[in-house]
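Worth knowing before you read on, the calculation uses all heavy atoms, side chains too, and leaves out hydrogens, waters and symmetry mates.
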Amino acid sequence: MARHRILFEPAGLTRRQRYALRRTTAAPSDEPPLPSRQDVGLPPAAVPGPLGPGLTQSGYWNLAPATIPPHKATSQHLAGIYPFVADAGLGHRGPILGVDLNADALWHFSPWETYADTTDRGTFSTNILVLGAYRAGKSAVIKTLVTRSLLFGHQAVVPSDPKGEWVTVAEAVPGGNVIRLGGAFDTRLNPLDRGPRRIGVSDNQHELMVKQRRVTVLTSLVEAALPGTRLTAVEHAALHEALTRCIRRTDDIPTLRGVYADLTALAGEATIDRHLADGAVQPSYVLRRFVDGDLSGLFEDASTVEFDQDAPIVVVDTSELFARGDLVAQMSQICTTAWIQAVISDRTARRTRYVIREEGWRDMTSLSSLLMYQQWLKLSRHYGISNIVILHKMGDVDAVGDADSQERNLAYSIIGDIENKFIFRVNQQEGDALQRRLSIPPAHVTMARQLRKGVFLAYVGQYPYLVDAFSTSTDWEYDLFQTDDALELDDPYATPFADLDLRDIDVAWPTDTAVDGWLTTDKELT
């Protein structure tokens with residue numbers, strides 16, 4: 001039972017006097033006093049400094065306090081200690097593209113959903129850069145994304161399919177449309193088509209935009225046919241004059257054949273304007289290729305087909321044109337892209353489309369085409385478009401212009417500005433280019449060199465993801481998206497043993513016979 005004491009203090013005492021009174025009247029403690037260091041035989045404490053007397057006299061050293069070292073383990077073991085630590089991912093909006101290997105969860109992706117996301121997971125662009133070596137799974141993954149996005153109301157356009165691999169996809173999708181150029185087909189596309197009337201702009205603004213697009217197409221074609229050459233001011237003026245005359249003469253249905261005719265006529269009017277006549281000579285010889293040369297029968301006259309705006313996927317098959325040469329392929333891609341852009345740039349249509357640019361470097365053949373390409377990428381979200389630029393390596397851009405030229409620097413700037421990037425397996429020599437041009441961390445570059453087929457590094461905004469797209473693919477998708485059919489060799493060991501009966505093996509090698517019996521048995525396979 002606890003005891004209580006009452007202490008009466010006289011009035012008028014100072015603080016020091018009250019303190020002395022309380023000490024003298026305090027009850028003695030029942031606990032024994034603490035022993036001193038000499039009583040327990042401990043050596044004196046070390047003095048401050050790196051070496052104290054405790055250490056020099058084989059005693060203890062009390063300069064550093066006792067601490068518990070931190071736990072060290074690999075990330076694999078730490079994942080077992082903290083099993084619920086995983087990335088949040090992009091959410092569940094958009095089609096499933098694969099499995100996020102870092103979070104072990106399904107990875108959904110839609111460029112329009114990420115652009116509409118106002119959190120730190122969102123992006124400021126809808127365009128996608130796809131980069132990877134051959135047979136890394138690029139085409140199959142993009143085809144998976146596009147076909148699954150069709151169910152979400154999105155559409156797809158392939159302005160130029162140089163290998164014909166998107167043709168099978170368009171034919172397999174109900175309502176898909178394929179436009180074939182070259183070969184036995186007499187299809188024609190007019191890159192100077194007016195396109196639909198845009199709502200929300202005045203008549204003067206609309207006419208200015210249409211004419212600017214037509215002039216850009218003509219300039220790109222002439223500069224693409226003359227690598228390393230830029231049109232002079234006089235040649236630009238000649239193209240403008242010829243286009244204006246053609247529009248007036250054909251009641252606003254200009255064609256490359258018509259512009260060529262007006263350029264030829266302008267070149268013969270030396271008595272009217274000698275400088276303008278001289279400037280019309282070079283462009284007229286370039287457009288002559290479309291009328292009577294190796295590009296004839298494709299783009300010189302009015303279009304024989306129309307763009308089906310309601311089709312879920314539209315593919316322009318240009319695989320027959322690549323047998324005519326690389327320059328023909330580049331100029332054809334300029335024409336097909338311009339023809340399609342005249343239709344899909346209608347903002348009032350309220351449609352969202354993927355524009356797949358196979359061999360994306362072909363759209364950057366000249367300075368004028370680069371400027372048009374850059375403007376098209378910047379206005380993609382304005383028109384509801386997601387440009388998918390596919391490259392095999394960063395070295396593909398080296399085909400644009402000369403080293404340190406304005407064209408090549410602009411091409412690298414355009415590629416670097418694409419915010420969404422899908423990096424597949426790359427070759428060993430691509431490391432420096434990825435770090436310098438795309439600001440990919442060195443650790444990620446090392447990882448990209450070791451990725452297996454169908455796995456890619458996805459950079460969406462400011463967050464990276466490691467995605468396995470083939471883990472969610474179906475048998476229908478595998479068969480449809482296969483692009484290596486010609487490289488699949490028959491197994492030479494499958495045929496001799498295809499009809500082998502396992503019972504014959506048991507007869508030749510009975511299980512109750514030792515190894516010596518196998519070697520000496522006289523039984524043969526029947």
Side-chain angles (χ1 to χ4, degrees), residues 128-147 150 155-173 176-185 187 189 224 294-295 298-299 305 311-337 339-340 353-365 373 386-397 399-400 422 424-427 453-454 456 469-470 473 476-489:
I128 305 172
L129 172 64
V130 181
L131 179 68
Y134 290 97
R135 302 195 68 184
K138 303 185 302 297
S139 297
V141 172
I142 298 304
K143 292 172 185 176
T144 301
L145 172 63
V146 169
T147 53
L150 299 180
Q155 296 173 291
V157 179
V158 184
S160 178
D161 185 12
K163 304 176 184 177
E165 58 186 64
W166 283 91
V167 173
T168 57
V169 179
E171 292 176 343
V173 174
N177 185 19
V178 178
I179 300 173
R180 293 178 170 86
L181 294 177
F185 307 99
T187 307
L189 302 179
D294 51 353
L295 284 170
L298 298 173
F299 309 104
V305 294
I313 178 172
V314 178
V315 177
V316 180
D317 183 11
T318 57
S319 57
E320 295 290 339
L321 303 180
F322 278 70
R324 303 187 184 184
D326 190 66
L327 181 59
V328 174
Q330 294 180 14
M331 300 177 72
S332 301
Q333 190 153 333
I334 293 175
C335 293
T336 56
T337 302
W339 181 74
I340 288 179
R353 292 186 176 98
Y354 286 104
V355 179
I356 298 94
R357 300 179 179 273
E358 292 279 355
E359 308 290 344
W361 60 271
R362 296 188 187 274
D363 293 319
M364 312 178 198
T365 53
Y373 194 71
S386 173
N387 291 279
I388 301 179
V389 182
I390 302 177
L391 300 175
H392 294 291
K393 57 184 183 300
M394 292 299 296
D396 291 344
V397 187
V400 180
F422 292 176
F424 290 77
R425 186 185 71 250
V426 297
N427 298 324
K453 190 174 183 179
F456 62 96
F470 285 179
S473 298
W476 178 81
E477 291 172 330
Y478 273 122
D479 297 336
L480 183 62
F481 303 155
Q482 179 62 256
T483 58
D484 297 329
D485 295 338
L487 298 178
E488 290 185 354
L489 304 179

Trainee: Going through the checks in order, is the side chain to side chain contact (heavy atoms under 4.5 Å, CB included) test met by Leu298 and Cys335?
Mentor: CA-CA 9 Å; Leu298 298 173; Cys335 293; over 6 Å; no

Trainee: Examine distances only and state if a side-chain atom of Asp161 and a backbone atom of Trp166 form a donor-acceptor pair shorter than 3.5 Å.
Mentor: yes

Trainee: Can any side-chain N or O of Lys138 pair as donor or acceptor with the backbone N or O of Gly132 at less than 3.5 Å?
Mentor: yes

Trainee: So, are Arg180 and Glu171 salt-bridged, with charged N and O less than 4.0 Å apart?
Mentor: yes

Trainee: Between Lys453 and Gly137, which heavy-atom pair has the shortest distance, and what is it?
Mentor: CG-N, 4.1 Å

Trainee: Arg357 and side chain to side chain contact (heavy atoms under 4.5 Å, CB included): which partner among Asn387, Leu391, Val158?
Mentor: Asn387

Trainee: Residues two or more places apart in sequence or in another chain: which of them pass ring pair (Phe, Tyr, Trp, His ring centres under 6.0 Å) with Phe299?
Mentor: none

Trainee: Can you find a heavy atom in the side chain of Lys163 that is under 4.5 Å from one in the side chain of Ser319?
Mentor: no

Trainee: Is any side-chain heavy atom of Leu131 closer than 4.5 Å to a side-chain heavy atom of Phe424?
Mentor: no

Trainee: Under a 4.5 Å cut-off applied to non-hydrogen side-chain atoms, are Leu181 and Leu189 in contact?
Mentor: yes

Trainee: Are any non-hydrogen side-chain atoms of Ile388 and Val130 less than 4.5 angstrom apart?
Mentor: yes

Trainee: Spell out, as yes or no, whether a donor-acceptor pair under 3.5 Å connects the side chain of Thr168 to the backbone of Glu165.
Mentor: yes

Trainee: With sequence neighbours excluded, what pairs up with Trp339 under the side chain to side chain donor-acceptor pair (under 3.5 Å) test?
Mentor: Asp193, Ser303

Trainee: OG1/Thr336 to CG/Asp317 distance, rounded to the nearest 0.5 angstrom?
Mentor: 11.0 Å

Trainee: Of all heavy-atom pairs between Asn427 and Ala133, which one has the smallest distance, and what is that distance?
Mentor: OD1-CB, 3.6 Å

Trainee: Any side-chain heavy atom of Phe481 within less than 4.5 Å of one from Thr147?
Mentor: yes

Trainee: Apply side chain to side chain contact (heavy atoms under 4.5 Å, CB included) to residues Val315 and Ile179 and explain how you reach the verdict.
Mentor: CA-CA 6 Å; Val315 177; Ile179 300 173; over 6 Å; no

Trainee: Are the side chain of Tyr354 and the backbone N or O of Ile313 linked by a donor-acceptor pair below 3.5 Å?
Mentor: no

Trainee: Check the pair Val169, Val167 against side chain to side chain contact (heavy atoms under 4.5 Å, CB included), reporting the backbone distance first and the verdict last.
Mentor: CA-CA 5 Å; Val169 179; Val167 173; over 6 Å; no

Trainee: Kindly indicate whether the side chain of Ile142, heavy atoms from C-beta on, has any atom under 4.5 Å from the side chain of Thr144.
Mentor: no

Trainee: Do Gln155 side-chain atoms and Ala311 backbone N/O form a donor-acceptor pair below 3.5 Å?
Mentor: yes

Trainee: Testing the basics here: between Ile340 and Pro159, what is the closest heavy-atom pair and its distance to 0.1 Å?
Mentor: CD1-CA, 3.5 Å

Trainee: Roughly how far apart are Glu477 CD and Gln482 CD, rounded to 0.5 Å?
Mentor: 13.0 Å

Trainee: Can you tell if the side chain of Ser386 reaches within under 4.5 Å of the side chain of Val355, non-hydrogen atoms only?
Mentor: no

Trainee: Got Val141 and Phe456 here, is their nearest side-chain heavy-atom distance under 4.5 Å?
Mentor: yes

Trainee: Looking only at the side chains, is there a donor atom on one of Ser160 and Thr318 sitting less than 3.5 Å from an acceptor on the other?
Mentor: yes

Trainee: Is it true that, when you exclude Tyr134 itself, more than 12 heavy atoms of the residues, nucleotides or ligands shown sit nearer than 6.0 Å to its OH?
Mentor: no

